[in-house]
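Below, read A as the first sequence line, B as the second, and so on, with proteins coming before strands; counting in each chain starts at 1.
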Amino acid sequence: MHSEISATLAALRQQQPVVHNITNLVVTNTTANALLAIGASPVMAHAPEEMADMVSIASALVINTGTPSETQRAAIRKAIQAAREQGKPWILDPVGAGATPYRLQLNTELLDLKPAAIRGNASEILTLLTGKPTGRGVDTDSSSDDALNETLSYLQQRAAQLNTVLAVTGATDYIIDGQRIAKITNGHPMMAKVTGTGCTATAMTGAFLASSNDPWLAVTASIACLGIAGEKAAFAAKGPGSLQMHLLDELYLLDVETIQARLSLEVLI
Amino acid sequence: MHSEISATLAALRQQQPVVHNITNLVVTNTTANALLAIGASPVMAHAPEEMADMVSIASALVINTGTPSETQRAAIRKAIQAAREQGKPWILDPVGAGATPYRLQLNTELLDLKPAAIRGNASEILTLLTGKPTGRGVDTDSSSDDALNETLSYLQQRAAQLNTVLAVTGATDYIIDGQRIAKITNGHPMMAKVTGTGCTATAMTGAFLASSNDPWLAVTASIACLGIAGEKAAFAAKGPGSLQMHLLDELYLLDVETIQARLSLEVLI
Amino acid sequence: MHSEISATLAALRQQQPVVHNITNLVVTNTTANALLAIGASPVMAHAPEEMADMVSIASALVINTGTPSETQRAAIRKAIQAAREQGKPWILDPVGAGATPYRLQLNTELLDLKPAAIRGNASEILTLLTGKPTGRGVDTDSSSDDALNETLSYLQQRAAQLNTVLAVTGATDYIIDGQRIAKITNGHPMMAKVTGTGCTATAMTGAFLASSNDPWLAVTASIACLGIAGEKAAFAAKGPGSLQMHLLDELYLLDVETIQARLSLEVLI
């Protein structure tokens with residue numbers, strides 16, 4: 001897969017897609033910087049009055065509900081409507097989907113609006129798909145192989161039904177559509193000590209979706225690239241402060257050789 | 001005190017408390033990262049609709065009024081009410097309390113809602129407690145010993161009356177409750193060149209309050225840990241940009257030996 | 001010019017002016033840190049209720065419309081009105097002025113309120129001045145010398161008419177008032193891979209405007225200082241993550257010798 005992933009990254013860098021983000025207040029700066037570092041052109045805007053116009057100059061839309069508000073909700077609806085009318089992919093990051101009923105209701109509404117991809121941790125994705133707060137389920141460390149296989153089978157069925165790509169990220173990442181599952185074990189545990197690495201994965205995925213005709217490959221490439229850059233950053237880091245800095249450098253420096261040397265990916269089906 | 005402080009930090013890291021922050025737009029990323037680095041689990045959210053639910057999954061609440069707005073004010077009220085009903089500590093950071101009448105009124109209202117601790121610089125704390133904008137008063141460099149003793153005596157009396165812990169931070173930090181005063185001289189002047197180090201102190205204090213039954217010890221441990229990490233970061237830094245990065249690394253790496261070697265703390269009473 | 005620029009920076013550091021910023025959600029942290037690093041004292045606040053009071057304690061006001069909203073629009077109006085009544089300079093950064101009609105209308109309204117300076121890239125400045133979205137026009141790489149001269153002549157005429165200073169930044173920066181044009185070629189292409197370097201230029205310009213009686217010199221000094229610090233940061237950086245960190249360090253460390261050695265500035269008229 002490393003050559004397909006490198007080719008997708010090359011297409012992204014060649015196209016420099018404009019990615020419009022409606023995201024949470026914690027990661028506005030870091031996700032814009034990650035998009036620039038990987039080669040995309042970020043737009044961060046949230047006024048309902050300009051959502052349709054802003055989407056019209058973008059190639060993909062990223063919706064992250066980490067710090068929702070009623071004004072943001074109105075902007076999200078307008079932006080998604082514009083993306084759908086213009087045939088542009090949008091991706092959902094249902095941050096903390098099960099943390100409060102307010103979040104779950106908001107994200108459930110958004111699920112109906114046909115995201116091209118959804119990225120979250122196992123708990124967020126399962127909560128969103130089942131409609132009720134739930135435990136992890138896809139954590140390979142805490143589940144038996146049987147339980148894992150059953151969960152993956154359920155996720156694949158739902159991905160097919162929703163015509164979307166599910167990116168379930170954690171120590172092991174699973175990228176799932178109706179036909180294929182990629183299992184990625186790049187990355188480093190210290191990445192969880194930097195706020196918003198998941199949000200960065202989602203923002204980058206918007207850029208990859210804008211640069212490929214195969215959504216599953218686009219999401220797989222995005223998650224793999226972040227994992228590879230993240231593990232290189234972690235090896236160079238003393239702690240999470242330097243990891244955050246090195247991560248942007250490594251996204252910027254990521255090349256064919258590094259992807260080939262480090263990619264740890266298995267296609268399961 | 002170094003062993004009590006190390007034990008409090010160890011408890012924090014063992015419990016990984018969820019700390020809910022309603023904070024200003026400048027420090028959302030840096031305070032979330034500081035909480036992760038020290039070992040806590042940050043939540044940043046501000047929709048009034050989900051405040052009670054979010055507080056119910058947290059162990060402490062941090063309120064920072066650095067960029068107030070009417071919507072945030074509504075969220076703050078709901079969150080504090082939930083914290084009080086659920087018996088969870090909340091801490092107030094009255095940023096720029098005396099800068100405008102709007103801020104002073106907002107912070108004065110919050111003072112009535114029984115914060116477990118209040119952290120600010122001398123000017124902010126004295127403005128909040130006296131209800132009128134005021135000069136520094138606790139600045140050991142510019143006051144005589146007599147003036148300092150008088151101010152500390154006033155602060156201790158108010159801390160007793162309000163049943164709170166006051167953390168007055170600056171070149172020298174004073175942690176004051178009705179019985180005890182800790183005087184801490186860790187830290188480095190270059191920390192004042194990084195925006196939001198005070199806000200980081202407050203956010204961290206939420207995590208320590210969630211991890212100890214002695215609020216004064218919790219606040220003292222928090223301020224001491226930040227001061228020690230900050231001075232180590234400053235020694236390694238070329239300027240404020242690298243200080244900000246090293247600070248997160250040093251919070252992450254902080255250990256018993258470093259605390260023992262560097263703690264500069266005196267219990268005055 | 002290097003001695004005038006160094007003198008202006010020295011004045012800024014001596015005065016430590018309070019600069020009030022109403023800015024976008026992406027750069028709140030980084031622009032506050034840049035202001036601290038260069039020697040100013042940032043205030044970031046946006047509640048309409050406190051705008052007049054906040055402006056009264058500031059020496060300059062920075063308005064950045066990168067993430068506009070109706071609430072922010074109300075705050076901006078109140079802040080500018082206060083600045084004008086109090087005779088304090090304000091500076092406009094019309095981020096993405098032509099991206100949507102909503103932005104163009106907002107920025108056009110603000111243009112009528114007599115900014116002391118306006119900073120943007122060529123597309124933003126020309127869109128703002130002509131009232132319609134436009135191509136670059138001042139890009140020395142893509143235009144003939146004749147086209148460039150014609151554009152500069154137009155900009156100078158408008159700067160005179162509006163009694164403002166125009167800072168058109170890019171690979172080459174032009175600082176234009178009714179009498180003078182400075183052409184600056186400091187900086188480094190990698191600065192464009194860090195979000196908000198333009199916003200940082202604008203925020204810093206607020207601090208320089210507060211520290212000089214010659215607005216054209218103030219804006220020129222600000223853009224030159226950022227360019228010099230940015231190119232030093234880029235030489236030390238592995239990628240955009242480390243550039244962002246080094247930039248704050250270099251702003252903090254910037255001195256007379258570095259300005260003298262590196263300044264690449266030509267006064268055209």
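Most heavy-atom pairs under 4.5 Å with chain C, from the set Thr31(A), Thr30(A), Leu248(A), Asn33(A): that is Asn33(A). Here Pro101(C) is the residue among Pro101(C), Gly96(C), Ala192(C) with the most heavy-atom pairs under 4.5 Å with chain A. Of the listed residues Ala237(C), Pro68(C), Gly196(C), Ser69(C), the one with more heavy-atom pairs under 4.5 angstrom with chain A than any other is Pro68(C).
Under a 3.5 Å cut-off, the side chain of Asn29(A) and the backbone N or O of Val27(C) do not form any donor-acceptor pair. Checked by atom type and distance alone, the side chain of Thr28(A) pairs as donor or acceptor with a backbone atom of Leu25(C) at under 3.5 Å.
The part of Glu70(C) that comes within reach of chain A is its side chain, from C-beta onward, which places non-hydrogen atoms under 4.5 angstrom from that chain. Contact of Glu250(A) with chain C is made through the side chain alone, with heavy-atom distances under 4.5 Å.
Counting non-hydrogen atoms of neighbouring residues, nucleotides and ligands closer than 6.0 angstrom, the NZ atom of Lys238(C) exceeds 12 such neighbours. In the displayed structure, Lys78(C) atom NZ is contacted under 6.0 Å by at most 12 heavy atoms of other residues, nucleotides or ligands.
To the nearest 0.5 angstrom, Thr197(C) atom OG1 is 9.0 Å from Leu36(A) atom CG.
Side-chain contact between Glu50(A) and Gln105(C) is absent, with no heavy-atom pair separated by less than 4.5 Å. Between Gln244(C) and Met245(A), every side-chain heavy-atom pair lies at or beyond the 4.5 Å cut-off. Proximity of Met190(C) to Tyr252(A): side-chain heavy atoms (C-beta onward) are separated by under 4.5 Å at one or more points.
Between Pro240(C) and Ala37(A), the shortest heavy-atom contact is CG-CB, 4.1 Å. The shortest heavy-atom contact between Lys193(C) and Gly39(A) is NZ-CA, 4.2 Å.
Screening Val26(C), Asn24(C), Thr195(C) against Met44(A) for a side-chain contact (heavy atoms from CB on, under 4.5 Å) leaves a single residue, Val26(C).
Under 3.5 Å, the side chains of Ser242(C) and Asp249(A) contain a donor-acceptor pair of N or O atoms.
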